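These numbers were taken from a predicted model, which means no experiment stands behind them. Here is how names work: the chains are called A, B, and so on, in the same order as the sequence lines, proteins then strands, and each is numbered from 1.
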There are 2 protein chains.
Amino acid sequence: MVLIMLELKDLPTTGVLHKFAERYPDADITAVSSFLHLLRVATDLSIALDTCLSKHGLLQGRWWVLILLMREDTHTATPSVLASKAGVTRATMTGLIDGLEQGGLVERVFTKSDRRSVLIHLTDAGQAKLDAVMPDYYQRLRLCMKGLNEAQRIQLEQMLDLINAGIPELTKQK
Amino acid sequence: MVLIMLELKDLPTTGVLHKFAERYPDADITAVSSFLHLLRVATDLSIALDTCLSKHGLLQGRWWVLILLMREDTHTATPSVLASKAGVTRATMTGLIDGLEQGGLVERVFTKSDRRSVLIHLTDAGQAKLDAVMPDYYQRLRLCMKGLNEAQRIQLEQMLDLINAGIPELTKQK
DNA sequence: TTGACATAGTTAGCCAGCTAACTATAATGG
DNA sequence: CCATTATAGTTAGCTGGCTAACTATGTCAA
């Protein structure tokens, strides 16, 4: 996944929001506040995740490829499938696989059935890398999220789904 | 703000999460689920916001600079302050200002008091650009967020604050 | 008062996304 | 059965972040 946004250090105060709402009467102050708050926390989470992964020589892109491969029973998938699941272009996936192959974490296996295609296979070194990264990641994430109990987590996901359902409104042609 | 993460198209099913939890007993399944869900929705929101802004010839970086300037009573600020509030480096801010100046949306004003410093001033054209963009943005955001009532928005922000408080756990030295 | 340090802005070069175009191979329909 | 279209992977070049290094200016303490 590739989320790019400006890191919002100074969320607007309600005073600023009201000032803007005067000039732009369509402004829905709590909508803006929640929206920016959500983007800000997610941005900081993403940066922190990269910091955590970089201690193991990974970033989100490559890390996610390894996870997608581990999910497969055969520890194998094509670049196209990986690109689609990771939400990046095939061109980007080529670069990610190049880096992982250079590090010996995956290997390209050429298939006979469809000669256009390549299978990407998680190597033992790749699995070992995951076995080093994932426990650290899971421990840290557990601590990070310990402020929310189970009920709150469910509520959060429900609200995220509601927002997600509204996203098309941001881009819809009028 | 610069949030970079892989766009997670395929969130793990609870089945997959349990499979991983077997190998990695530290995994806190609902923590992982909520975390990925949050990053995914925020990513999609960020992409949609860029799509919305790009119809007006802006992206998040430049758009945010214009907003920060409009917040100031004098419609003026230094690049350093803008960089700090936007959460980008001063180097990045130089590039953003270059682009905005080229489009006539801001101007560099050299000061006499501190000759190291420059003041960035929102031009009439810059204000006009905001007057074109912001109503569209606010209308769309209102629709996007209309699935959440006021109580839910408050709850959401509270939960985001709880997560935010846990972020240091992701990067803390052990 | 001057040497060391701090601050403001810029420049240069890196990186990981992206799109568009290309090659090779497969699938399909007239 | 062959021309067209679709698919898989790669390459080339763009973009907007980043860090590090640099210039110029200001500040402060010995």
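Phosphate contact (OP1/OP2 of C:dA16, side-chain N/O of A:Thr92, threshold under 4.0 Å): absent.
Contact check on A:Lys19 versus A:Glu22 returns no salt bridge, with no Lys/Arg side-chain nitrogen under 4.0 Å from an Asp/Glu carboxylate oxygen.
Note: B:Tyr24 and A:Tyr138 have tilted aromatic rings, judged against thresholds of 30 and 60 degrees for the angle between ring planes.
Taking the side chain of B:Ala91 as heavy atoms from C-beta on, and the options C:dT19, C:dG17, C:dA12, the nearest nucleotide is C:dA12.
Distance A:Met93 CE to C:dG17 P: 9 Å, rounded to the nearest Å. Atom CG in B:Leu58 sits roughly 16 Å away from atom C1' in D:dT15 (whole-Å rounding). Between B:Leu96 atom CG and C:dG9 atom C1' there is a gap of 14 Å when expressed in whole angstrom units. Residue B:Gln60 contributes atom CD, which lies 17 Å from atom P of C:dG17 at whole-angstrom precision. Here D:dT15 presents its C1' atom at 15 Å from CG of B:Asp98, a figure rounded to the nearest Å. Look at CG on A:Leu59: it is 9 Å from C1' on C:dC15, rounded to the nearest Å. The nearest whole Å value for the distance from the CG atom in B:Leu53 to the C1' atom in D:dG16 is 15 Å. Summarising the geometry, the separation between CD1 on A:Ile47 and P on D:dC18 is reported as 8 Å, rounded to the nearest angstrom.
Screening B:Asp124, B:Leu122, B:Ile120 for a side-chain contact (heavy atoms from CB on, under 4.5 Å) with B:His75, the sole residue that qualifies is B:Leu122. Paired with A:Asp26 under the rule side chain to side chain donor-acceptor pair (under 3.5 Å), one option of B:Gln139, B:Arg140, B:Arg142 passes, and it is B:Gln139.
For B:Asp114, the side chain to side chain donor-acceptor pair (under 3.5 Å) partners at least two apart in sequence or on another chain are B:Arg116.
Heavy atoms of A:Ser80 sit under 4.0 angstrom from primed sugar atoms or phosphate atoms, though from no base atom.
Remark on DNA chain C: of its neighbouring residues B:Ile97 and A:Arg62, the 5'-side contact belongs to B:Ile97, judged by nearest-heavy-atom nucleotide.
At a cut-off of 3.5 Å, with distance as the only test, a side-chain donor of B:Gln127 or B:Asp131 sits close to an acceptor on the other residue.
Remark: A:Ser113, A:Asp114, A:Arg115, A:Arg116 in residues 107-119 of chain A come within less than 4.0 Å of DNA chain C through at least one heavy atom.
Using a 4.5 Å heavy-atom cutoff, the side chains of A:Val106 and A:Leu66 are in contact.
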